[in-house]
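What follows is a short report on a single structure.
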There are 2 protein chains.
Amino acid sequence: MSQARERGIPDATVARLPLYLRALNGLAERGTATVSSEDLAVAAGVNSAKLRKDLSHLGSYGTRGVGYDVQYLIYQISRELGLTQDWAVAIVGVGNLGRALANYGGFVSRGFRVAALFDADRSVVGERLVGMAVDHIDALESVIEDRGVSIVVIATPGAAAQQVADRVIAAGITSILNFAPVVLTVPDGVDVRKVDLSTELQILAFHEQRKADRDTGSPMMAGDWAEVMDA
Amino acid sequence: MSQARERGIPDATVARLPLYLRALNGLAERGTATVSSEDLAVAAGVNSAKLRKDLSHLGSYGTRGVGYDVQYLIYQISRELGLTQDWAVAIVGVGNLGRALANYGGFVSRGFRVAALFDADRSVVGERLVGMAVDHIDALESVIEDRGVSIVVIATPGAAAQQVADRVIAAGITSILNFAPVVLTVPDGVDVRKVDLSTELQILAFHEQRKADRDTGSPMMAGDWAEVMDA
DNA sequence: ACATGTGAATCCATTCACAGCA
DNA sequence: TGCTGTGAATGGATTCACATGT
């Protein structure tokens, strides 16, 4: 039975666990004690076979004929995701986006804590934000060390991002959430996840265009690319 | 030859096209005229076989023995993504995040234009932001119609998101970029992409925990979940 | 000689469908 | 009976490796 917990949970599964956790928290708030894979799947927006397979990678936490205990499953998923400890997060780049991230309540949900803010602009350094003074980027390494930061969010302009990544990695960081629109090059063992607004918009535009083409029946002319390109 | 353009490009490929486009723009700025799949793959952070397979879905735009013409490939990918027209984007929810998105220059890169801003808070309505007055959410349908909005970004609190989605969909929108931490339920034919900060952090925490466990060799005790859960 | 474009092989994820258990 | 947990079947995506064309 269950080869489950011995080695690696599939990436696709890990990526959905936060989703399940959120759905479970919603159920818990409404006082639901027990939930079937079918109901939980609906709440999380996935199909129930996938949900059961995903949960089976963690272990056998359900009861046949009954379903899953909501509180128990919340705990198991939280533990698996490492949310029973709290993680010190640093945000590098306190521009529009960095500020929004620092203030965004849901962002620093249970398990995470903004422990440091950095910027290169001296006129921003010292400003207080969510009860925390912005440090100058010069202090990056020492502050990361002192405050036990283990996850770094990069919210700088694209041009600065790789350099910031290099420095935090040298300082021992192995988990980076990158909002800058560049591909970061990092050594093995460092995890980078990226959030890329313009990429997401472009993917939507692609599908939107497809829908429009299908409706009008217009065949999307080949066109002379040269005239569009120069400037 | 090439079944390419006749029917659907794989989703995984579509999701990478913006990446290639960005890498190509970087090369173009440095005056590079021609690039091999190997070099472009490095710039985009993928492997070259994947890159070639991806591009082959668009057509045969390379030259054997030579590589790809940078400008030409930029044009072809742009066209495929629908970036040769410009898309009117509305942002719903002008809080911290909505403001950051509106101001984020790279966000509204070539092909996209912020055409409307909405908020439910009367004290925000009328405020000007990126040369545009914030409209009250009551005007959602009429403004979307009037300004030809085709992509809506939801940056509201979670509780309002589904309601906003229902309304914009009723108004004819079929492309939504959702920043609110909820699973949106939408009819077939509507595309939703979500950007979820806390999910990304949780995925990083999972891997970070794995690394820590591997280093310490600590087996992650089973623990009594009850004591962690009550409150 | 060289780099693309692509069948074939492989790997991973999803879905099906049912055995096993409460 | 009802719902979980999971082998088996399916479907996609990635990678390999080379035939093809310049």
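Throughout, a chain's letter reflects where its sequence line sits, starting with A, and its residues are numbered from 1.
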Just the rounded figure in Å: distance from [atom2] of [N] to [atom1] of [X].
{"X": "D54(B)", "N": "dT4(C)", "atom1": "CG", "atom2": "P", "value": "14 Å"}
{"X": "L51(A)", "N": "dA13(C)", "atom1": "CG", "atom2": "C1'", "value": "15 Å"}
{"X": "N47(B)", "N": "dT10(C)", "atom1": "CG", "atom2": "C1'", "value": "14 Å"}
{"X": "L58(A)", "N": "dG5(D)", "atom1": "CG", "atom2": "P", "value": "10 Å"}
{"X": "Y68(B)", "N": "dA3(C)", "atom1": "OH", "atom2": "C1'", "value": "8 Å"}

Practice prompt. Considering only NZ, NE, NH1 and NH2 on the basic side and carboxylate oxygens on the acidic side, decide whether E80(B) and R210(A) come within less than 4.0 Å.
Written response: yes
Worksheet item: Quick one: which of L83(B), L21(B), D54(B) gives a side chain to side chain contact (heavy atoms under 4.5 Å, CB included) with I77(B)?
Response: L21(B)
Response to the item:
Per side chain to side chain contact (heavy atoms under 4.5 Å, CB included), N178(B) is matched among V153(B), T156(B), L184(B) by L184(B)
Fill in: Below 4.0 Å: OP1/OP2 of dA3(C) and any side-chain N or O of Y61(B)
no
Worksheet entry | Distance-minimising heavy-atom pair for R22(B) and P181(A) | CD-O, 3.1 Å
Practice prompt. Decide if atom CD of Q163(A) counts as having more than 12 heavy atoms of other residues, nucleotides or ligands within a radius under 6.0 Å.
Written response: no
Worksheet item: Listed in order of residue number, which residues of residues 21-46 of chain B have a non-hydrogen atom at under 4.0 Å from DNA chain D?
Response: none
Item to complete: Determine, for nucleotides 8-13 of chain D in 5'-to-3' order, which nucleotides have protein heavy atoms under 4.0 Å from the base (write B), from only the sugar-phosphate (write S), or from neither (write -).
Response: B----S
Discussion item. So if I define the base as every atom that isn't primed, P, OP1 or OP2, how would nucleotides 17-22 of chain C read as a B/S/- string at a heavy-atom cutoff under 4.0 Å?
Written reply: B-BBBS
